[in-house]
Amino acid sequence: MPEIYGTVYGVEFHTVGKMYEYSSSEGVLKSGDFVLAMSEFGLDVGRVRFGPVDMRIDELKEELRPIVRMMTDEDWETHRKNKEEAASAMRICQDLIEKHSLPMRLLEARYMFDRSRIVFYFGADSRVDFRELVKDLARAFRTRIELRQVGIRDEVKMTGSLGLCGMTACCARFLRQFESITLKHAKKQQLLINPAKISGRCGRLLCCLSYEQELYEHELMDIPDEGSLVDYEGKTCKVLTVNIFMKVITLVADDGQMIKVQFDDFRKSQKSIIQDANAELLIKNRDEDISIDD
């Protein structure tokens, strides 16, 4: 067995982006503590999201870097000033965006703790040529400039939104990574394919469609789709309805007889699928699935 590498903490620097793993010599930290550590852009203020966790070498995704220190009162004062100046920088950047008539939506400006760099997050519907903007920003702030375009899902995550359920959108509340969601999820859950009903504020399919997908796949295992033709106990039948909540499949035989069968009984019976209703549709739409992936 590989030896334990050390105690690991998960640190978040921004709601958009991945969580990083760090070691600490600051004693035992707890979730919610604020620390200084090196991020991908430089020294930054981060928040401990999990830990302490003992991990082996083979479990680490990348080289483990140390947390610099817990935030002190002096650090908090520096951070406060950085946030105030970042708000001013955002106004200047917005003016420059309008000057260059760039099709981009400025979302946030963020100074690194040591002011070695300022990062501007923005959303756009396509790629943006911001080279002239960067030159103007560099002249205005005399520091390194980073413009980071985020996807539409992350844009909603940063600005916040309400879901169709009336609660704060999952992306803004707790989701850190987005799973691939396609129309197959909606079809499997027997939802009406209405974009207004199954899409979020970002315009992509609802993230929550993935939450119960595993249950639906398990419950509908070996159950044909509605519209399929099956040979059931010597009769050619069409699948009329599939009620996953009652766990009942309704068949109509070629002689007009209506047959209702419990899922478990249908699985145990002598049957074979003659024609899968969705087989041709799946082939046709194989490359046309709507996904929330960018």
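A quick note: this is a predicted structure, and the numbers were derived from the prediction, not measured.
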Between [X] and [Y], what is the shortest heavy-atom contact and its length?
X	Y	result
C202	I152	O-CG1, 3.4 Å
V150	D154	CB-CB, 3.9 Å
C171	V156	SG-CG1, 4.0 Å
L209	H185	O-CD2, 3.9 Å
P103	V128	O-CG2, 3.9 Å
I198	I193	CD1-CA, 4.4 Å

Residue pairs, two or more places apart or on separate chains, that pass salt bridge (Lys or Arg N to Asp or Glu O under 4.0 Å) and touch residues 240-252: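 Pairs touching residues 240-252 that pass the test: E219-K247.
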Pairwise salt bridge (Lys or Arg N to Asp or Glu O under 4.0 Å) hits with a residue in residues 138-147, at least two apart: R117-E146, D136-R139, E146-R148
Between [Y] and [X], do the side chains contain a donor N or O and an acceptor N or O under 3.5 Å apart?
X	Y	value
D54	T7	yes
N243	T241	no
D75	T72	yes
Q213	K184	no

Would you say [atom1] of [X] has more than 12 non-hydrogen atoms from neighbouring residues, nucleotides or ligands within 6.0 angstrom?
X	atom1	value
F245	CZ	no
R131	CZ	no
E98	CD	yes

Salt bridge flag under 4.0 Å for residues D254 and K238: no
K81 bridged to E85 by N-O distance under 4.0 Å: no
Any non-hydrogen side-chain atom of [X] less than 4.5 Å from a side-chain atom of [Y]?
X	Y	value
V239	L229	no
M258	L251	no
F50	S31	no
I259	C237	yes
S23	Y9	no
V45	M71	yes
S116	L43	no
R110	N82	no

Candidate pair Q257 and V252, rule side-chain contact (heavy atoms from CB on, under 4.5 Å), full reasoning: CA-CA 6 Å; Q257 179 185 5; V252 56; over 6 Å; no
Reference residue V242; test side chain to side chain contact (heavy atoms under 4.5 Å, CB included); the match among I249, V248, T250: I249
Taking [Y]'s backbone N and O only, do any of them form a donor-acceptor pair with [X]'s side chain (distance below 3.5 Å, no angle check)?
X	Y	answer
D33	K30	yes
K157	A172	no
T143	R115	yes
T78	E74	yes

Pair listing, ring-ring contact (aromatic ring centres under 6.0 Å, His included) test, anchored in residues 121-145, at least two apart: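 Non-adjacent pairs meeting ring-ring contact (aromatic ring centres under 6.0 Å, His included): H14-Y121, F122-F130.
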Any pair counted as ring-ring contact (aromatic ring centres under 6.0 Å, His included), so long as it reaches residues 196-228, sequence neighbours left out: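 Listed once each, the pairs would be none.
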Shared hydrophobic cluster, V134 / F120 (ILVMFWY, side-chain heavy atoms < 4.5 Å):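 Per the 4.5 Å side-chain linkage, V134 and F120 are co-clustered.
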[X]: partners by salt bridge (charged side-chain N to carboxylate O under 4.0 Å, His left out), with sequence neighbours left out:
X	answer
E132	K135
R49	E12
R267	D264

Results of side-chain hydrogen bond (donor to acceptor under 3.5 Å, both in side chains) for D222 - residues two or more places apart only: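 None.
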Residues forming a ring pair (Phe, Tyr, Trp, His ring centres under 6.0 Å) with F34, sequence neighbours excluded: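 With sequence neighbours excluded, F34 shows a ring pair (Phe, Tyr, Trp, His ring centres under 6.0 Å) to W76, given in chain and number order.
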Non-neighbouring partners of F113 that pass ring pair (Phe, Tyr, Trp, His ring centres under 6.0 Å), sequence neighbours left out: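 F113 satisfies ring pair (Phe, Tyr, Trp, His ring centres under 6.0 Å) with no residue once adjacent residues are dropped.
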Return a table of donor-acceptor pairs under 3.5 angstrom between the side chains of residues 35-42 and protein atoms on other chains or two or more places apart.
| unit_1 | atom_1 | unit_2 | atom_2 | d |
| --- | --- | --- | --- | --- |
| S39 | OG | F41 | N | 3.2 |
| S39 | OG | G42 | N | 3.4 |
| S39 | OG | G42 | O | 2.9 |
| E40 | OE2 | Y20 | OH | 3.4 |

R91 vs S88, side-chain contact (heavy atoms from CB on, under 4.5 Å): CA-CA, chis, key distance, verdict: CA-CA 5 Å; R91 290 192 292 270; S88 176; 3.7 Å; yes
Nearest-0.5 Å distance, OG of residue S210 to CD of residue Q189: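 So the OG of S210 and the CD of Q189 are separated by 8.5 Å.
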Intermediate values then yes/no, salt bridge (Lys or Arg N to Asp or Glu O under 4.0 Å), D265 and K268: CA-CA 5 Å; D265 294 335; K268 296 175 184 176; 5.0 Å; no
Derivation and outcome, side-chain contact (heavy atoms from CB on, under 4.5 Å), residues V261 and S269: CA-CA 10 Å; V261 190; S269 66; 5.8 Å; no
Pairs meeting criterion side-chain hydrogen bond (donor to acceptor under 3.5 Å, both in side chains) with involvement of residues 190-202, two or more places apart: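 Found none.
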